[in-house]
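The block underneath contains the structure these notes are about, expressed in C-alpha cells.
First the proteins, then the strands, lettered A, B, ... as listed; each starts at 1. Note that the structure is predicted; figures quoted are calculated from it, not measured.
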Amino acid sequence: MKRLFPGFFVLLLTVTFASCSTSDSNTVTPAFRIRWAQDPDNLDPLVVSNGSAFEIANLTYCSLLKGIEGKTDFVPWLAQSFPTTQRLNDSLLLVTYQLRPEATWDNGSPVLARDVAFTLKVMNCPGLPIEMDQAMFGFIRDIRLDSTDARRFTLVCVGQSPDHVRSSGDFSILPEYVLDPQGKLRDITLPNLRQAQPAGPVVADFARRYQALQLQNHPERLPGCGPYRVSGWQKGRYLTLTRKPQWWADTLPAPPHVLQAFPEKLTYQIIPDAATATLALRRGEIDLYSLMPAAEFTRLQQSATDQQRLQFYTTDSHEFLAAGFDVRKSVLRDALTRRALSQLFDVPALIQATQQGAAVASVGLISPRVTAYYHDSLPLLDFSPVAAVELLRQAGWRRAGTGSWTRPNAQGQPEELRLGLSYRAGEPAYETAARQFSAAARGVGIAVELRPTEQSVLSRQLRAGETDMSIRTFSGNPFSYDFTPLLHSKGIGASNTTGFSLPASDQLIEQIAATDDPARKTRLLRKFQLLLHQQRPFTVLYFLRYRVAAARRLSVPVTGLKPGYEAARIRTKVSQP
Amino acid sequence: MRQLCFPRSFSLRQLLAAGWLLLVVGAATWAPSAALAPDLAHISQPPGGTEHWLGTDPQGLDVWGALLQGARTLVLVSVPASLLTLLLGTILGSAAGFLRNSGWQVSWRSLSTLLLTALAALVLGPRLVPASAWLPGVAAGSWILLGRLRLGRRRVAVPLDALVLGLMSLLESVPLLILVLAAAAVQRPSLGGLVVLLSLTCWTTPARLMRAATLQVSAQPYLEAARAAGIPTGRLLVRHIWPNTRHVLLVRFPLTIALLIGLETTLSFLGVGLPPEVSSWGQLLAAVRFAPTAWWLVLWPGIMLVSTILSLHIMAQNQANDVTPTAGILSKINETIID
C-alpha cells in the first residue's frame, strides 16, 4: 500500500499536468469549425434551397462539372474531361461525357453512366419535389448510354448554347444502388417518364420509396460519391461532415483542384446571431467566420489582439442584395409602381452604413465587374422621393385626404398602397435597408409594415407568394447566364419568387441561354438588363464583398462564390522552422 | 375590519421614485409619434454629437428619440396589461376563494353549453379572433338544442376553486418566459397582441393573492352572519368582500407593472412581441449585439429600466407600509417585494 501511494500520486500529477497544458499551436488540426447562420433548409439533393444545403451537397455529392471562379469556367469533376458536343438539326445539342474510371460509390461499385441516367429520371419523376430541377435542367430531354462503354453517355439537350453544355453537368449524381437496387427504373426511358401522366405503378412505387427515406432530415441515408459524409446533425446546433477514409480520388497521383479534400472533419456550428459568432471566433470556439458584417470585420481588423490571432480576407462576390416585388400582388402589378418604390432606396447611404462603403452599386443583376455584359449606359438607382411621387401619379395612384395613396383595383374597388416588407430576422444589413425604405415610404404617404421573418419561414412564404416585398440576397456566378430559374415563367412556384414573367422576357432568357456568340450574348444581356430596369421585378441595391475571418493557423482559399471559401481545401498552415 | 394608517410623510426615496415615474409618463406623453427615421450618415455615433446628443444605434436611430418612444411603449404595454392582469386575477381569485367547490351551482344545460363553447374555442385555437363570431352561435345552438331535448335541468355544483387552482398550477408549471415566447411565436407582432398575451399569462399571482385574501375575509363571523341573513352572493362579494381585499391589489399593481416591464423588455430584446417599427428599451439594448463597443446602447436604456423598476418597487413598498400588515397576506406581499 505504501508503494502504491507514491505511484498513484505521480499518476495524478501527470494527469493534472497533461490536462492543464495548452495544445501546441503548430500541431496539424484535422478538424475545422465553421460558423453557419442557419441550418440547411432541406438536405434532399432534389431540393437544395439555401446556401448551407448547397455547401453540403457540394461536399457529399459530385456532379459532372464544377464551376471554378479562378478559371471563370466549369471544369471536369466526375467527368474525365470537358464534354464533347455535336449539333443535331437546328435545336438539339448532343453533349457526350466520359466518367472518371476511378470514381466509385461507398460500396466500391463504380460510378457509371446508368447512375447518371437514373439521376435524370429521379429529377423528372412525378410525385417527387422536382420543380426546381425542372426549371434548371428541363432542357435535358434524353440520355443515350454507350453500349460499348459503361462510363460513356450522351445527353440530348434542347438549345445549343454553351451555357447548356455547362449546366448539363451541374447536378449531383445519385447512387442507383441505394435508391433503386433492383433497377426498376432502367426499363423506363427519360422521355417516357417526362410524358407519363399519371405516373405508372413502378414510378409511383419508386416515388413512395424515395419519400419514405425522408432525405430532408436524413442525408446519411443517401451517400454520394463526394469526399465527405454527414456524420452528425443536430438542428440548430451543428452539422458534422467526416471525410471518407478511402475516397476514390485519393488514388489519383495528383488530384486536380476540384478533387482535393484536406480536412478530416468539418463541423458547422449553427450560430444565428452575428455578435455571438464574433465572440465565438475571438474565443477560438470556431475557426472560420464567413460573410461577416462589415462593422464587426473592420473592428476586428483594427484590434491588435485579434490581428495576432486571426487573419482577414475580402473578395468581390457575385451575390447581390435586392428588393423583390411580388408582381402578382394587385398593388404591385404595374412596373411604374415598382419603379416608384425603387426610388425610395438610398443605395449609396446604405452601402456606406451597412458595408462600410465596400460594396458596388449596380443597375441590374450583372455585376459591374463583368464589363463585357454590364449595361453601363443605364443610370444607377437614384434616391428620389419626388420622382417616386411622380411615378406613382403616372401609375394611377391618387393621394387621399388622409395622405395615403389609392387607386381602383381590377374590380373597380379602391385599394390602398400598403405594403408588407419581409426580410430575414437578425440580419442588420437587411433591417437597415428595410428601415430606410420604410422611413422614406412613410415620408411620401406609403404605409410599410416591416416583417422580420425566420429564414425557413421566409423561404416558404416567398415560394408561396405570401409576401409583398422582400429584401434578400441572390447568388450568381460568372460562368452561366441562364436566368430561367429566377425570372422565367417556368420557375414560378419554385425559384421565381417574384412571379414575374413576360413573353418578351421569357424569349430573351431563352435566347441568352441558347446563344454561343459573345457579341450576340452581350447584346441580348444588355437588352435583358434594360427590360428588367424598366419592369423592375426586383431592384438590385448592391453587389456584396465577401469578408472572411479565420484563425491564423489556417490557410483558407477564398472565393467570390458563396459561401466565400472552399471548405474542402482549408488546411493548417505548415509551421515555419 | 380593514385598518388603514394615515399616510406617513414621504421620504426622499419615495419622492425620487414618484418623480422618476412622472418623468417616464411625461416622456411617454411627449415622445414623437412618428416612427424614427434612420440617419445613415451617423450610425453607431457615441453620445455628445450635436444632432444626436445621446448617440445613435447601428441603424442610425437616435437613442434619445428611441428612449422617449420606448417610454411610451412601456406605458402603453405595461399599464393596460397590468390592469387586465389584475382584473382577471381578481375575478378568478375572488370567485375561487368565495365560492370554493360547492358555492356555484348551475344546471347541466348551462354547464354543457359552457363546455361546448370552450371546446369550440379550443378547436379554433389561433384562428379564434377572426372566427370568434362562431362562438356565440355555438353557445346559442347548444343552449337551444339542450333545452328542446329537455336535458340538464338538474343543478350541479361547479368545483370552481379546484378548476382555478388547477389552471394556475398548469400555467405556473411552465416558466413564464417560455410560455410568453411560445405564445408570441404564433401571433403577429402588435402592441394590442402583446397586452393580451401578457395579461393571459401573468394573472396567476394576483389570483392567488386575491383567493387567499378572500378566504381570510370569508371566514370572518360577520360574513357568516351576512350569509345567514340571506344576503345574495353578488352583494356579499361587492359590499363586504371586495372592500376588505382590494388593498392587496393596490400593493400588487406597481409590482405587476414592474414585472410586465421586465417581460416586455425581454421580449423586445429577443425581437418578438412588438413590431420592429415600435421603439422599446429592450430593442435598444439588443442593438448592442451589432455594435459590441457601443456602451451607450447599454447605459441609457439600462439606467432607464433600473430606475423605473426600482421606483415601482419603492412605490409598492410604500403602499404596503400604508396598510397595517395585520393580515397574513400582506406580509406575503412584503416578502415578494423583498425578493
Side-chain angles (χ1 to χ4, degrees), chain A residues 271-279 282 292-296 298-300 302-303 344-357 383 385 403 420-443 447-454 457, chain B residues 32-46 52 55-63 65-66 69 181-182 184-193 267-280 282-295 297-298:
Chain A
I271 310 176
D273 183 59
T276 314
T278 306
L279 198 62
R282 299 182 78 191
M292 202 172 191
E296 278 297 275
T298 311
R299 188 172 68 86
L300 295 194
Q302 289 167 355
S303 151
L344 298 173
F345 284 101
D346 189 352
V347 176
L350 285 173
I351 289 177
Q352 195 56 45
T354 64
Q355 307 296 315
Q356 308 270 302
F383 174 60
L421 177 54
S422 306
Y423 54 92
R424 197 175 87 201
E427 183 60 56
Y430 298 3
E431 185 154 342
T432 306
R435 277 179 179 272
Q436 183 275 314
F437 173 79
S438 166
R442 201 171 48 244
V448 177
E449 184 190 346
L450 301 185
R451 293 176 188 162
T453 312
E454 197 267 325
V457 177
Chain B
S33 54
L36 296 172
D39 179 358
L40 295 181
H42 298 97
I43 57 160
S44 299
Q45 286 274 306
H52 310 284
T56 59
D57 78 351
Q59 292 176 339
L61 296 180
D62 182 50
V63 171
Q69 290 197 337
L181 277 175
V186 295
Q187 68 164 28
R188 183 165 276 190
S190 72
L191 266 177
L267 289 177
S268 304
F269 181 85
L270 296 172
V272 292
L274 285 174
E277 304 94 318
V278 178
S279 297
S280 80
Q283 198 185 62
L284 209 50
L285 281 167
V288 82
R289 290 182 298 178
F290 305 123
T293 52
W295 51 266
L297 295 178
V298 177

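When atom types are taken as modelled, the side chain of B/Gln59 and the backbone of B/Pro38 share no donor-acceptor pair closer than 3.5 angstrom. A donor-acceptor pair under 3.5 Å links the side-chain atoms of B/Thr56 to the main chain of B/Gln45, judged by distance alone. Proximity of a side-chain donor or acceptor of A/Arg282 to a complementary backbone N or O of A/Leu300 within less than 3.5 Å is not detected.
By a heavy-atom distance cut of under 4.5 Å, A/Ala349, A/Leu350, A/Ala353 are the residues of residues 345-357 of chain A near chain B, going up by number.
Smallest separation of non-hydrogen atoms from B/Glu277 and A/Glu449: OE2-CA, 3.5 Å. Scanning both residues, A/Arg299 and A/Thr278, for their nearest heavy atoms gives NH2-CG2, 4.3 Å. The shortest non-hydrogen separation linking B/His52 to B/Asp62 is ND1-OD1, 3.0 Å. Looking at every heavy atom in both residues, B/Val288 comes nearest to B/Ala294 through CG2-O, 3.6 Å.
If you measure heavy-atom distances from A/Glu454 to chain B, you find no contacts under 4.5 Å at all. Only the side chain of A/Glu296 comes within less than 4.5 Å of a heavy atom in chain B; its backbone stays farther off. For B/Leu36, the part lying near chain A is the backbone, with the side chain staying farther off; criterion is any non-hydrogen pair under 4.5 Å. For B/Ala37, the parts lying under 4.5 angstrom from a heavy atom of chain A are both the backbone and the side chain. Looking at A/Arg442, only its side chain comes within 4.5 Å of chain B, counting heavy atoms on both sides.
Annotation: side chain of B/Val278 is not in contact with side chain of B/Ser268 (no heavy-atom distance under 4.5 Å).
When each of B/Ser44, B/Pro275, B/Gly271, B/Ala35 is scored by its heavy-atom pairs under 4.5 Å with chain A, the top score falls to B/Ala35. Note: A/Pro428 leads A/Ala274, A/Ala439, A/Pro428, A/Ala425 in heavy-atom pairs under 4.5 Å with chain B.
Screening B/Ser280, B/Ser190, B/Pro189, B/Ser279 for a side-chain contact (heavy atoms from CB on, under 4.5 Å) with B/Leu274, the sole residue that qualifies is B/Ser280.
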